[in-house]
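One structure is given here, and the rest of the page talks about it.
So that the names make sense, note that chain A is the first sequence line, chain B the second, and so on, each numbered from 1. Keep in mind that what you see is a predicted model, and the values were worked out from it rather than measured. Computed from heavy atoms alone, side chains included, the values below leave out hydrogens, waters and symmetry copies.
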2 protein chains.
Amino acid sequence: MTAMAPPHAEQPDLSFLLDHTGHVLRSRMAAALAEIGLTARMHCVLVHAIGEERTQAQLAEIGDMDKTTMVVTVDALEKAGLAERRPSSTDRRARVIAVTDAGAEVAHRSQRIVDRVHREALESLPEDERVVLLRALERLTKGHLAEPVEQPQPVRRARQRTV
Amino acid sequence: MTAMAPPHAEQPDLSFLLDHTGHVLRSRMAAALAEIGLTARMHCVLVHAIGEERTQAQLAEIGDMDKTTMVVTVDALEKAGLAERRPSSTDRRARVIAVTDAGAEVAHRSQRIVDRVHREALESLPEDERVVLLRALERLTKGHLAEPVEQPQPVRRARQRTV
DNA sequence: TATTGTTATACTCTATAACTATA
DNA sequence: TATAGTTATAGAGTATAACAATA
């Protein structure tokens, strides 16, 4: 959003273009999914929990979420009756996320919403631009912009013991 | 980051592609600017305050920041000796942001850093893809993805009066 | 009455650390 | 000892409301 480039910049403002389009698309996606009571994270967990026996840790990995964020997301899915925690049959520490019948139905609808939002954006472009845009973004994602650079983390104090 | 599309999605996952590339580029930009002690916001304010007599409100508009965020940003620039608040000659409520000599020098360096980070990303693409990527992102920015959709804001209680 | 900039603070988001149960 | 999941909470980021000065 923050414009990095003043009028005399030598390079196009790729930061602004990616941030802006990403932000607006995210807002559209959030609004569209909110109509059926989902967040983007809930959708992500739901669709990846269908058909496969996946633990919270595995789903967190797929959605690039922290395990504590996953707890909150699964709480929300359980509360909405869309998924359930079940003990893993192979590891008594782990919980498998089982999608309910209602959850499977919602997942089907939410995937259609996601596809629609993406299609609407992509169809606003001429076909040749659309194809090259996707190819370029995939190339960046696998290449030069594959991994974030690590910033030095601020030191974090231990939390107070509660016992 | 959150993958919106499972393997059976009908549309390419534009959300993921824009979020991921935007996030990684932002992390690179932040790391590069941190080497000369700037944040992206400080850079943005600095380069747009040069040459023009602009108030905080005008600079906030340009960078799409809240006016309270602008206060923090200008505080940081003043503390670093890169800019100063001066009373506006035409409106005694307003403060004009004047860039110091040191600030102008830093702004020149930071713009070179910004251009370099953008150039490195863009040059990782074949020229034809690069041109079309920029054209497509600009088309989306001016067209289908011009404005975020408004989400219903959560209600906010009044803060306690301090007097 | 409306606006500029400031302060105080509420709220969200995310992640760290501690913890329990189990491997 | 290490890992899955949970809880509590720290900290960053951001935005709202109230406020003083001025338009």
>> Which is more 5' along DNA chain C, the nucleotide nearest B/Ala94 or the one nearest B/Thr68? Just name the residue.
In response: B/Ala94
>> Assuming nearest nucleotide by heavy-atom distance, tell me which of B/Lys67 and A/Lys67 is located more 5' along DNA chain D.
In response: A/Lys67
> Among residues 74-90 of chain B, which residues get a heavy atom nearer than 4.0 Å to DNA chain D?
Replying inline: none
> Listed in order of residue number, which residues of residues 47-59 of chain A have a non-hydrogen atom at under 4.0 Å from DNA chain D?
Replying inline: A/Thr55, A/Gln56, A/Ala57
> So do the side chains of B/Val24 and A/His144 get within less than 4.5 Å of each other, counting heavy atoms only?
Replying inline: no
If I take atom [atom1] from residue [X] and atom [atom2] from residue [Y], how far apart are they, to the nearest 0.5 angstrom?
X: B/Asp13; Y: A/Glu138; atom1: CG; atom2: CD; answer: 9.5 Å
X: A/Thr141; Y: A/Glu147; atom1: OG1; atom2: CD; answer: 10.5 Å
X: A/Leu33; Y: B/Met4; atom1: CG; atom2: CE; answer: 5.0 Å

Whole angstroms only, please: what is the [atom1]-[atom2] distance between [X] and [N]?
X: A/Asp91; N: D/dG5; atom1: CG; atom2: P; answer: 8 Å
X: A/Glu61; N: D/dG5; atom1: CD; atom2: P; answer: 13 Å
X: A/Met70; N: D/dT6; atom1: CE; atom2: P; answer: 11 Å
X: B/Asp66; N: C/dA8; atom1: CG; atom2: P; answer: 17 Å

> Of all residues at least two apart in sequence or in a different chain, which pass the salt bridge (Lys or Arg N to Asp or Glu O under 4.0 Å) check with B/Glu10?
Replying inline: none
> For A/Arg109, which residues count as a side chain to side chain donor-acceptor pair (under 3.5 Å) partner, sequence neighbours excluded?
Replying inline: none
>> Under the rule for side chain to side chain donor-acceptor pair (under 3.5 Å), what residues qualify as partners of B/Arg85, not counting sequence neighbours?
In response: B/Gln56, B/Asp75, B/Glu78
> Does OP1 or OP2 of D/dA4 have a side-chain N or O of A/Arg95 closer than 4.0 Å?
Replying inline: no
>> Does C/dT14 have OP1 or OP2 under 4.0 Å away from a side-chain N or O of A/Arg41?
In response: yes
>> If only side-chain N and O atoms count, and only distance matters, is there a donor-acceptor pair under 3.5 Å linking A/His48 with A/Gln58?
In response: no
> Side chain of B/Arg93, base of C/dT3: donor and acceptor closer than 3.5 Å?
Replying inline: yes
> Listed by chain and number, what are the side-chain contact (heavy atoms from CB on, under 4.5 Å) partners of A/Ser88, not counting sequence neighbours?
Replying inline: A/Thr90, A/Asp91, A/Ala94, A/Val96
